[in-house]
Amino acid sequence: MNQTNLTTRAINTIRFLSADAVQEANSGHPGTPMALAPLAYVLWTRHLRYDPTEPDWPDRDRFILSAGHASMLLYAMLYLTGYDLSLQDMKDFRQLNSSTPGHPEKHLTPGVEVTTGPLGQGFANGVGMAIAAEYLASIFNQDELPIMDHWIYAICSDGDLMEGISSEAASLAGHLRLGRLIYFYDDNRITIDGGTDLTFSEDTVKRFESYHWHVQQVADIKDVEVLDQAIERAKNDDRPSLIMVRSHIGYGMPTRQDTPAAHGNPPGEKELSGAKKNLGWPESPRFHVPAEVRDHFLEAADQRRKAHAEWKESFSRLERAYPSLASQFKTMFAGEIPEGIKESLPEYESDPVGQATRDASGRMIRMLVGKLPHLMGGSADLSGSTRTLIEDQSPFSADHRSSPFIHFGVREHAMAGIMNGMAAHGGLIPFGGTYLVFSDYLRPSARLAALMRLGVIYVFTHDSICLGEDGPTHQPVEHVASLRAIPGFRVIRPADANEVPHAWMEALEERENPTAIVLARQPLPILDRDRFAPAENLRKGAYVLADLGDADPDMIIMASGSEVGLMVGAGEELARQGHAVRLVSFPSWELFESQPESYRFHVLPPQITARLAIEAGVPQGWRQWVGDQGRVLGIDHFGESASYPEVYRHLGFSTERVVQIATEIMTGQGE
Ligand SMILES: Cc1ncc(C[n+]2csc(CCOP(=O)(O)OP(=O)(O)O)c2C)c(N)n1
């Protein structure tokens, strides 16, 4: 068979593996894989550096299917090039427990770099990967030893480019001159509701050129040589690249090609057999993979994985010539946190005036940066007030790649998507700061961090109505509760400066989940740890600070963050009045929930039903800890603009009020 025929057959194999799988599942998105098969072919046979036997080798090229609905395209490529996926996995597309779920999921399928589907996220993830690649290259690359020398490819659809996050991420990528990015824009002019002329008429070339991207246009996706040359040109340009590829959704379908009907419906027998006929493909059997096509892809994969063998050789040379650098590389990619750090955590003297927990966090970050080269982050234009500034570092930029400190600009959503990409890349532990109230702006990426189990760290400051004069627009009320609602997402709200370092250590050492450290802007009293339990108990999520009074406790008061100081004051007053009260610092529900039942019952004995929880946010969810007979002092409406002590008091957060409610609970009086 001549090469042209083989190429065509290989491309048709991708097309119809995808379409057959969607038809078999009776669900999915056939149109885009059918259209983009030539591009996937060129990438996997001529450009990507990958090794199906070791999908995670550090210097592989990254491929992101930002248009995650086209998942079958990716699965077909991973199967054909010899990743740990079988033809049966193609037949099990979208079935329970399969390795081929509806949209690509990082933890389920070898070779899937990031979980995609919510449009625009993959675009930002790639930017994070490119930042990671540049930073790590600046540390590890030595003359003739290019240890970090890979490209980040992504396929983006109209929807990806319409979503705001891609504008944020593209703007930053161009500004930072992230030339390792090679993105394809699938210019098929179709979305779900109709043609792009309904909603999308900007000049994409000008748009991306104004972001400082290198833009090329390929008029016909079927022309693999032109595609190939465009990719070569992209590699030779030091700007991020957008290759706009004109394609035809549902290519080959008799009536659905170039229509929205090709997007997200099973093709149906008629369209499927019509497409096969049009493209000269046998109608049966389904899932047809000609032997010579399979061999062709496996041979290509063998060629592509040579880069891995060469890399291993380079790495051995690095180990010989620069042993400490090589060992640092291994530490960073293993994500190890050196033991010594825990031994040198700051401890603060008790102090009734105290300090803001954001200050303690800032000091922690500066201490960590010197010791953890994998820690890299910054903020969305709030570096000073979130205390994420690393003063002695000029920031990561187009001309300065070796700084772990990065300005994300006013782009919370892209920041979080970029953090996900940095974490998924490997070698880095990203952190990003903004005000807690703006966590709403990055929530879709935070949700995906949890789904992907990425150990990213959010530094959310200005954590309650106590930020004061800026008023309700800036006062988070529902945010802590809403972040707690994300499965696998950990929220830690430390009570004082001494709990903060342990919050950071928890976030760093347990990175199966993302963690938000929620911090106060106002000073919080530093508890006397000779009287109260040690702050390292934070890592259990909730702990008994003290039992006040001479008898066994009559009631439990629990609080998080800034309300712990208030609780302690009220508890002392109640003890003076002759009550016996247990005080519980409750910085993290998720950490507490992961403790054994014996510990949870020790902290919150079931027989003590008189309970009060205090948190300056919506009471939602606290009922599970206070029970039917307990009460919650929270805020179920927006805040007010005034000085923070005034707002706090005005909304009922005072010693007298806590004492009053606690007394009512203990004496069985109504609310
Ligand atoms: C954030 C987000 N909003 C909406 C959707 C639902 N959705 C999936 S694909 C799509 C648009 C389809 O058009 P396009 O992006 O051009 O993809 P194509 O049909 O060309 O594959 C939409 C709205 C989504 N996946 N993510």
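Counting convention: from 1, in listed order, for ligands and their atoms alike. What you see is a predicted model; the values in this text were computed from it and never measured.
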Numbering as shown, the atoms of ligand 1 that approach [X] to under 4.0 Å (heavy-atom distance):
| X | answer |
| --- | --- |
| Asn188 | 18 (P), 20 (O) |
| Ile190 | 13 (O), 14 (P), 16 (O), 19 (O), 20 (O) |
| Thr32 | 18 (P), 20 (O), 21 (O) |
| Gly117 | 24 (C), 25 (N), 26 (N) |

Pair Phe123 + Tyr183: ring centers closer than 6.0 Å:
yes

Taking the six-membered ring where the residue is Trp, are the ring centres of Phe438 and His462 under 6.0 Å apart?
no

Return the closest protein heavy atom for [atom] as residue, atom name and distance.
| atom | answer |
| --- | --- |
| atom 3 (N) of ligand 1 | Glu163 OE2, 3.7 Å |
| atom 26 (N) of ligand 1 | Leu119 N, 3.1 Å |
| atom 7 (N) of ligand 1 | Ile192 CD1, 3.7 Å |
| atom 13 (O) of ligand 1 | Thr191 CA, 3.4 Å |

So, Asn188 side chain and Ser247 main chain: donor-acceptor pair closer than 3.5 Å or not?
no

Are any of the N/O atoms on [X], whether in the backbone or the side chain, positioned under 3.5 angstrom from an N/O atom of ligand 1?
| X | answer |
| --- | --- |
| Gly159 | yes |
| Asp158 | yes |
| Pro118 | no |

Options Arg189, His29, His69, His263, ranked by nearest heavy atom to atom 19 (O) of ligand 1, top entry:
His263

Surrounding CZ of Phe200 (heavy atoms of other residues, nucleotides or ligands, distance under 6.0 Å), is the total greater than 12?
yes

A quick test of your reading: do over 12 heavy atoms of other residues, nucleotides or ligands sit less than 6.0 Å from NE2 of His175?
no

Looking only at the side chains, is there a donor atom on one of Thr81 and Arg304 sitting less than 3.5 Å from an acceptor on the other?
no

Between His288 and Glu283, do the side chains contain an N or O donor and an N or O acceptor separated by less than 3.5 Å?
no

Could Glu225 and Arg46 be called an ion pair, given the rule that one side-chain N must be under 4.0 Å from one carboxylate O?
yes

Any protein heavy atom lying closer than 4.0 Å to atom 24 (C) of ligand 1?
yes

Close approach, Ala70 and ligand 1, non-hydrogen under 4.0 angstrom
no

From the list Trp151, Tyr153, Trp44, Tyr83, ring pair (Phe, Tyr, Trp, His ring centres under 6.0 Å) partner of Phe63 resolves to Trp44

